[in-house]
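A note on names: the letters A, B, ... follow the listed sequences, proteins ahead of strands, and every chain is numbered from 1. The structure presented is a predicted model; accordingly, all values stated were derived computationally and were not measured.
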2 protein chains.
Amino acid sequence: MFKETKTHEVTTDVVIFTIKDGKLKVLLVKRAHEPFKGKWAIPGGFIRISETIDAAALRILKEKTNVQNIYLEQLYTFGDPLRHPTARVITCAYFALIRSDDIVLSFEDNSEITEVQWHPVYDLPPLAFDHKEIIEYSLKRVRERLEFCPIAFQLLPEKFTLTELQKTYELILDKKLDKRNFRKKFLALSILKELDECTKSGSKRPARLYSFNEITLNSKRGHFFS
Amino acid sequence: MFKETKTHEVTTDVVIFTIKDGKLKVLLVKRAHEPFKGKWAIPGGFIRISETIDAAALRILKEKTNVQNIYLEQLYTFGDPLRHPTARVITCAYFALIRSDDIVLSFEDNSEITEVQWHPVYDLPPLAFDHKEIIEYSLKRVRERLEFCPIAFQLLPEKFTLTELQKTYELILDKKLDKRNFRKKFLALSILKELDECTKSGSKRPARLYSFNEITLNSKRGHFFS
DNA sequence: GAATATATTTGTACAAATTACACTATTTAA
DNA sequence: TTAAATAGTGTAATTTGTACAAATATATTC
């Protein structure tokens with residue numbers, strides 16, 4: 001298909017998850033050029049020649065969201081020669097979990113992109129390349145992680161209620177959980193720090209606020225939720 | 001470090017596990033050239049321009065072992081610019097599990113390699129590049145897989161005893177398991193087919209032979225062993 | 001062929017984790 | 001003060017995991 005003298009291009013694409021408006025969403029960019037001009041895609045870009053792959057993924061993330069210090073994990077490397085219509089592009093995909101509050105989406109005026117937007121992960125527009133497959137694979141991985149690691153905290157504000165925490169799990173797992181069992185299990189893990197504060201009159205009865213206790217986490221193993 | 005005009009090279013390296021002489025081993029090749037001339041390394045090679053990454057990994061595997069149709073899974077992509085002393089080489093690592101009986105190790109006389117050999121994974125020689133890290137990461141992944149998937153069967157002959165199955169788990173997890181609990185758990189999973197045969201006079205009491213029942217597997221979920 | 005050595009096979013009691021399930025408490029708004 | 005909405009709580013049944021010891025079948029040896 002390609003001449004053997006042609007070289008691979010290597011990119012990284014980052015599936016960025018957040019919870020916004022009560023929905024699990026991913027960040028998509030609208031492509032300014034062919035191929036797939038006008039189609040939505042996961043943000044991505046070429047890996048620079050002296051840059052680690054992790055650094056490239058972080059750079060992509062920062063360009064679009066201005067956030068750093070967030071949960072970022074290498075997902076899988078997609079390299080079907082047919083995934084790009086005109087070149088051999090191998091992409092090392094990552095996923096990230098971020099809090100979307102106080103984030104201003106942006107893109108440099110490099111005319112690669114005409115729009116940046118959050119899209120509900122369960123209701124995606126048609127996507128460029130194999131990006132639908134990459135998002136589906138990410139979601140699967142996030143669910144796997146959720147069972148073992150407290151990554152849900154990456155999506156929540158510093159102080160949160162148990163109901164908010166449960167909602168986060170329900171959105172990612174896409175199923176209802178039992179309130180009493182959820183609370184019992186989390187409190188038994190003792191990775192939550194009960195604060196002296198409550199939500200100020202959101203509506204109805206105020207809820208206790210908790211924060212994530214990183215200290216006890218390291219000694220914890222085993223399942224979170226399935 | 002590198003000029004931006006320089007291009008990435010993309011390889012795949014395959015960590016091939018087997019059980020041999022009662023030990024968990026990995027396949028290593030001795031490098032014929034610099035860098036790391038004379039050092040042991042994981043078998044690997046460049047991904048061809050019109051080849052999927054999976055196909056490249058399979059090709060590497062077949063070149064060295066002549067086996068096909070085995071368990072092969074993408075592990076992780078290692079891309080530190082410093083991992084190769086003279087070039088920017090991104091490698092997409094895989095791991096494979098194979099039965100080592102009736103396998104003849106081989107290498108084409110391309111003078112890239114001077115030897116191919118199985119090495120105990122818990123007693124490795126000094127390795128080229130970041131290959132030690134890659135093997136450690138593989139082992140971690142195999143252990144994770146072992147908890148959920150019946151991949152141990154990939155290392156066993158078609159017919160095996162429960163003791164052999166347990167030994168396989170113990171070698172990979174590097175710890176002793178309780179015999180009665182191991183059997184109870186596996187038999188409860190009903191992914192084993194009890195055969196009418198026994199081991200013919202290995203020594204002492206003959207053991208019942210079992211085979212792996214693929215049919216019931218698909219309906220199974222959850223933990224295997226931890 | 002009897003005794004011995006070696007590996008196979010089997011069950012039970014206890015602890016821990018998971019699941020199912022319904023009512024009371026506190027606040028705001030009418 | 002009443003109604004509506006969300007927060008918060010406990011127990012019993014089931015399942016799963018863990019710890020642990022004796023009997024059985026064959027080969028070898030005396």
Rounded distance (Å) that lies between atom C1' of dT9(C) and atom CG of L165(B) = 15 Å

By side chain to side chain contact (heavy atoms under 4.5 Å, CB included), S100(A) pairs with (sequence neighbours left out) T18(A), K20(A), W118(A)

Write down the distance between NZ (K176(B)) and C1' (dC20(D)), rounded to a whole number of angstrom.
-> 17 Å

State which residues pass side chain to side chain contact (heavy atoms under 4.5 Å, CB included) with D130(A); sequence neighbours excluded, sorted by chain then number.
-> F78(A), R83(A), E133(A), I134(A)

Please give, in whole Å, the distance from dT8(C) P to E194(B) CD?
-> 15 Å

Please name all residues satisfying side-chain hydrogen bond (donor to acceptor under 3.5 Å, both in side chains) with Q166(B), sequence neighbours left out, ordered by chain then number.
-> E170(B)

Tested for side-chain contact (heavy atoms from CB on, under 4.5 Å) against I42(B), the lone hit among I16(B), V15(B), T12(B) is V15(B)

Encode nucleotides 5-10 of chain D as B, S and - characters from 5' to 3', where the letter depends on protein heavy atoms closer than 4.0 Å: B to the base, S only to sugar-phosphate, - to neither.
-> BBBBBB

May I have the distance from F186(A) (atom CZ) to dA17(C) (atom P), rounded to whole angstrom?
-> 16 Å

Pairing residues for Q117(A) by the side chain to side chain contact (heavy atoms under 4.5 Å, CB included) criterion, not counting sequence neighbours | W40(A), E115(A), H119(A)

Not counting sequence neighbours, which residues clear side chain to side chain contact (heavy atoms under 4.5 Å, CB included) with R59(A)? List them please.
-> R48(A), E51(A), A56(A), E63(A)

Nearest-Å distance for atom pair NZ/C1', residues K200(A) and dT27(C) = 14 Å

